[in-house]
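The sequence lines fix the lettering, A, B, ..., with proteins before strands; numbering per chain opens at 1. Hydrogens, waters and symmetry mates are skipped; everything else that's a heavy atom, side chains included, is used.
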Protein chains: 2
Amino acid sequence: MIITDKLAGETARDYALRILTDNIRSLGLEPGTAISENELAMELGLSRTPVREAIIELSKIQIIETYPQRGNFVALIDPDLVEETRFLRRILDIAVIEEACDLADEEDLAEMSENIELQEFYLGKQMADKIYPLDNAFHKLIYRAAAKELIFNMRSTVMLHFDRVRTLSVEAVKDMKIVKDHREMYEAIRNKDKEWGAELVVKHMNRYNVDQQLIRDQYPQYFK
Amino acid sequence: MIITDKLAGETARDYALRILTDNIRSLGLEPGTAISENELAMELGLSRTPVREAIIELSKIQIIETYPQRGNFVALIDPDLVEETRFLRRILDIAVIEEACDLADEEDLAEMSENIELQEFYLGKQMADKIYPLDNAFHKLIYRAAAKELIFNMRSTVMLHFDRVRTLSVEAVKDMKIVKDHREMYEAIRNKDKEWGAELVVKHMNRYNVDQQLIRDQYPQYFK
DNA sequence: ATATAAATACTTGTATACAAGTAGACGAGT
DNA sequence: ACTCGTCTACTTGTATACAAGTATTTATAT
């Protein structure tokens, strides 16, 4: 479990939520782990209240399971839920990139372009850890161009189920190809080419089509 | 604001969430209304804690706006958010009904059939108020048949933005046509006819294509 | 040794207390 | 009349206290 400092202006609740989310995604909190509200509050230097509020939010997406009077537990990886979130992302990303083809203005395109140049810059520098936040920001830019930010927020929270499987197979995905996908998505939006955009989303998703059975054999204790 | 009794087995938090959700949907809590955590807790016979937890959840979908040290307010109707949720529902319902065509088994179909017969029964009895819960349950059955229940939960919460506009124009929608749509959706799923299913979803949604400008002129104080 | 029961140490759910900040009322001073 | 400042009554954010239930441990009795 990695605990970083509270950011300036961040409320206690947001802080607890960020730490929990990051650690669940990175598997610093392993599936099955008990999360005591009191204990976590101590570790974060907070009271139970904001910690509890954060846990409740994560319970809503079933990434944390709460058993009254027994405890909170990081949910085991449920392949059905992973498949469900993968489905959701594919459906949404396709619909939204098509919408972005219609709606993106020059400012949207400029921000995407800048983001991609940064991705390519860090790719050249072999600084892969810098790419994930940019990756996320790039997809957010597409949603924003399509005026679908509320949907992006939903997508982000629920995508934790997917992200955590991706963490287990991180080496299978080549950053170079991902960055290239992003550049092509940008080109598709700039050219208002919906069909190409949709194709790219599918291709992009397929890069994460890791062999789940392989991961499951390697980490059986993580799975439901 | 209509307050019904707490259901058996319902936690205080779920109770507060249900009362808030129902009243926001029905406009018993008008857009712009202040919601004091203390006051609502008193009215529900609870403490602030569970009430606050419910409010936080609704803040996540921006149907309640929280201003620290100032108050919580039922958000004004934001046409952009309404459009966004309408978009989301169309996209999801199409993808999910197509999936249901592949996956629905005999039990799923039997439950849908029974639900529709009830809808038709109450339609004949002119008991329109009985139809809304059945309507919701029917769509849930489709999502369940497609193994997309987590997505359905997300859809439900976010759909509040859409529901509240529908409340303002409830007379524009004819129950008879809606029930007929549902029967046809069932037939489409039973016949594994994806194309027809998708068509029906679009047609179904279009029935709620009320003239938003008309509503806006009638209730300007409700809009952003 | 084993079974049973009481004690204990946890857990979350809910209630209450305190901290910090906002906004409006009200009055004093100009 | 008006501006400014103070006071008051609120608000949410956070911390703590208490209630109720679970599960394990420990001790006791057979």
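- In this view, A/N136 satisfies the side chain to side chain donor-acceptor pair (under 3.5 Å) rule with no residue, not counting sequence neighbours.
- Among residue pairs with one or both ends in residues 69-80 of chain B, those qualifying as salt bridge (charged side-chain N to carboxylate O under 4.0 Å, His left out) are B/D78-B/K224; sequence neighbours excluded.
- Within residues 43-50 of chain A, the residues having any heavy atom closer than 4.0 Å to DNA chain D are, in order of number, A/L46, A/S47, A/R48, A/T49, A/P50.
- In this structure, the ring pair (Phe, Tyr, Trp, His ring centres under 6.0 Å) partners of B/Y219, at least two apart in sequence or on a different chain, are B/Y222.
- Not one N or O on the side chain of A/S113 forms a donor-acceptor pair closer than 3.5 Å with the backbone of A/L109.
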Can you list, pair by pair, the side-chain donor-acceptor contacts under 3.5 Å of residues 43-51 of chain A, counting residues two or more places apart and other chains?
from  : atom 1 : to    : atom 2 : distance (Å)
A/R48 : NE     : A/E37 : OE1    : 3.1
A/R48 : NH2    : A/E37 : OE1    : 2.8

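- For DNA chain D, the span of nucleotides reached by chain B at under 4.0 Å from its heavy atoms goes, 5' to 3', from D/dT11 to D/dT14.
- The 12-atom threshold is not exceeded at CG of B/D5, counting heavy atoms of other residues, nucleotides or ligands nearer than 6.0 Å.
- Inter-residue side-chain proximity for B/K148 and B/Y143 is flagged as met; some heavy-atom pair is nearer than 4.5 Å.
- The side-chain contact (heavy atoms from CB on, under 4.5 Å) search around A/E107 returns A/D105, A/E111, not counting sequence neighbours.
- For B/Q213, the side-chain contact (heavy atoms from CB on, under 4.5 Å) test picks out B/D211, B/R216, B/D217, with sequence neighbours left out.
- Residues passing the side-chain contact (heavy atoms from CB on, under 4.5 Å) test with B/T21, sequence neighbours excluded: B/L17, B/R25, B/L58, B/L160.
- Closest non-hydrogen pair, A/T85 versus A/V82, comes out as OG1-O, 2.9 Å.
- One finds the OG1 atom of B/T167 at 11.5 Å from the CD1 atom of B/I24 (value rounded to the nearest 0.5 Å).
- At its two ends the helix from C/dA1-D/dT30 to C/dT30-D/dA1 runs along axes set 30° apart, each axis drawn from five pairs and the angle rounded to 10°.
- Going from atom CD1 of A/I142 over to atom CD of A/E99 covers 13.0 Å, rounded to the nearest 0.5 Å.
- Between A/H139 and A/H182, the ring-plane angle classifies as perpendicular under the 30° and 60° cut-offs.
- DNA chain D lies under 4.0 Å from at least one heavy atom of each of the following residues of residues 28-37 of chain B: B/I35, B/S36, B/E37.
- Proximity of residues 67-77 of chain A to DNA chain D (heavy atom under 4.0 angstrom from any strand atom) is restricted to A/Q69, A/R70.
- Atom OH of B/Y208 is separated from atom CZ of B/R90 by 15.5 Å, given to the nearest 0.5 angstrom.
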